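Below is one structure; the comments refer to it alone.
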Amino acid sequence: MLPEKYSLGFFPTPLEKLENLSKKYPDYNLFIKRDDNSGLASGGNKVRKLQYFIYDVLAKGFDTVITAGAQQSNHCRQTAAACAKVGLECHLLLGGKAPKNYNGNLLLSHLLGAKIHFTGDNRKGEDIIKLKQDLEAQKRNVYEIPYGGSNLLGAYGFVDAVKELERQLSENDLKIDYIFFASSSGGTQAGLKLGIDLYNLNIKLIPISIDKIGLGDKTLDDAILQILHQGQKELSIQKTYSIKDATLIRDYDKPGYGVITQNEKMAIRQLAQSEGILLDPVYSGRAFYGMIDHLQNNKIEKNSNVLFWHTGGLPANFYYSEELLK
Ligand SMILES: *Cc1c(COP(=O)(O)O)cnc(C)c1O
């Protein structure tokens with residue numbers, strides 16, 4: 001069914017009950033899936049995607065990987081770690097100008113040995129083709145991992161994750177009604193959706209949009225729908241997807257990508273101080289705030305079992321320390 005993968009992380013990631021927060025929101029039973037503990041240089045959701053990419057890279061004999069993201073990209077940091085582990089040269093295209101000090105994920109990518117290129121306003125991989133040509137002229141054999149690792153191959157990481165979750169649910173005799181998570185380049189969302197349909201689970205996804213800007217000339221919804229169509233064919237899922245299968249909750253992305261407001265700060269403090277679990281300010285903090293808003297205002301059905309899928313991002317807290325202390 002799914003293609004082969006290369007083992008890079010710690011799986012299954014823990015599934016835990018949020019005991020204290022479930023008392024605070026007594027209409028709901030709250031759980032958390034700890035992909036922040038997936039291994040590979042401080043973890044995160046990209047490890048699942050990278051297991052499929054790295055297998056493909058090695059099987060096809062490439063020696064160099066390029067990918068792109070923001071300066072505080074968790075995806076780039078995890079890609080750098082994966083490349084280090086299997087001995088590949090890693091090039092990262094990061095938006096903006098070279099900063100005076102390296103901090104958070106940027107510092108870690110540097111320590112992991114990635115070759116870093118700053119690309120100004122092009123923060124979503126617009127310059128990958130040019131760099132690929134340059135490296136090929138130097139006789140490198142270059143594999144391109146798309147922005148955020150979001151194509152069908154990367155999304156398989158989350159189809160696989162649904163299988164992992166299903167096993168944990170049946171072992172614990174547990175039913176989950178809703179999954180909240182941060183959605184930004186779409187691979188996580190597409191993979192979870194395909195997995196839920198492939199394994200016939202009755203779970204409603206609540207993807208919290210992080211970045212209000214789309215991908216090039218495409219909206220994120222369109223990009224996700226395209227992966228759903230491809231996955232539906234490859235996995236022989238008996239379903240016809242439409243744009244409503246690929247939509248996101250857009251209520252929390254208004255401040256813009258990487259802009260930290262009182263909402264993210266409140267969410268980070270609430271989970272940290274009630275359960276001892278750390279979120280990040282860009283992705284999981286924003287998504288967790290979206291979940292709190294849904295719980296507080298009963299935007300989802302009462303007495304349901306709600307899972308927060310923690311996608312990682314810890315290192316970004318250090319980059320945003322000033323905003324987080326305000
Ligand atoms: C990349 C990332 C996401 C979003 O996942 P996509 O597959 O890009 O939508 C969420 N949280 C964290 C911490 C991430 O690094």
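In this text, all values refer to a predicted model and were calculated from it rather than measured experimentally. Numbering of ligands and ligand atoms starts at 1, following listing order.
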- Item | Contacts of type salt bridge (charged side-chain N to carboxylate O under 4.0 Å, His left out), residue Lys115, not counting sequence neighbours | none
- Message: Suppose I only count heavy atoms of Gly312 and a 4.0 Å limit; which atoms of ligand 1 are within that range?
- Response: 13 (C)
- Message: Check for me whether Lys46 has a heavy atom closer than 4.0 Å to any atom of ligand 1.
- Response: yes
- Message: Quick check: do Ile243 and Asp222 have side-chain heavy atoms less than 4.5 Å from each other?
- Response: yes
- Note on the structure: ligand 1 to Ser183, heavy atom cutoff 4.0 Å, flagged ligand atoms 9 (O)
- Output yes when the distance from some N or O of ligand 1 to some N or O of His75 is under 3.5 Å, and no in every other case. no
- Message: Tell me the protein heavy atom at minimum distance from atom 9 (O) of ligand 1, and give that distance in Å.
- Response: Ser184 N, 2.7 Å
- Message: Checking a contact table here: which protein heavy atom is nearest atom 5 (O) of ligand 1, and how many Å away?
- Response: Asn45 ND2, 3.0 Å
- Task: For ligand 1, find out whether one of its N or O atoms is nearer than 3.5 Å to an N or O atom of Gln78.
- Result: no
- Applying ring-ring contact (aromatic ring centres under 6.0 Å, His included), which residue pairs with at least one partner in residues 254-285 are found, sequence neighbours left out? Tyr257-Tyr283
- Item | Over 12 non-hydrogen atoms of neighbours within 6.0 angstrom of CD in Glu322 | no
- Nearest-neighbour protein heavy atom for atom 8 (O) of ligand 1, which is reported as residue plus atom name and distance: Ser185 OG, 2.6 Å
- Query: Which ligand 1 atoms are under 4.0 Å away from a heavy-atom of Gly313?
  - Reply: 13 (C)
- Item | Salt bridge present between Arg48 and Glu164 (N-O < 4.0 angstrom) | yes
- Message: Could you tell me, atom by atom, which parts of ligand 1 come under 4.0 Å of a heavy atom of Thr311?
- Response: 10 (C), 11 (N), 12 (C), 13 (C)
- Message: Between the side chains of Lys130 and Asp127, is the shortest nitrogen-to-carboxylate-oxygen separation below 4.0 Å, so that they form an ion pair?
- Response: no
- Is there a donor-acceptor contact under 3.5 Å from the side chain of Gln71 to the main chain of Lys97? yes
- Heavy-atom check, side chain of Glu16 versus side chain of Phe31, under 4.5 Å: no
- Item | Gly44 touching ligand 1 at heavy-atom level, < 4.0 angstrom | no
- Task: Kindly indicate whether the side chain of Pro281, heavy atoms from C-beta on, has any atom under 4.5 Å from the side chain of Glu323.
- Result: no
- Lys49: numbered ligand 1 atoms lying under 4.0 Å from its heavy atoms: 6 (P), 7 (O), 8 (O)
- Query: Going by the atom numbers of ligand 1, which of them fall below 4.0 Å from some non-hydrogen atom of Ala182?
  - Reply: 4 (C), 10 (C)
- Task: Output yes when the distance from some N or O of ligand 1 to some N or O of Ser284 is under 3.5 Å, and no in every other case.
- Result: no
- Query: Counting each atom of ligand 1 from 1 as listed, which ones have a heavy atom of Gly187 under 4.0 Å away?
  - Reply: 7 (O)
- Message: Any non-hydrogen side-chain atom of Tyr52 less than 4.5 Å from a side-chain atom of Leu2?
- Response: yes
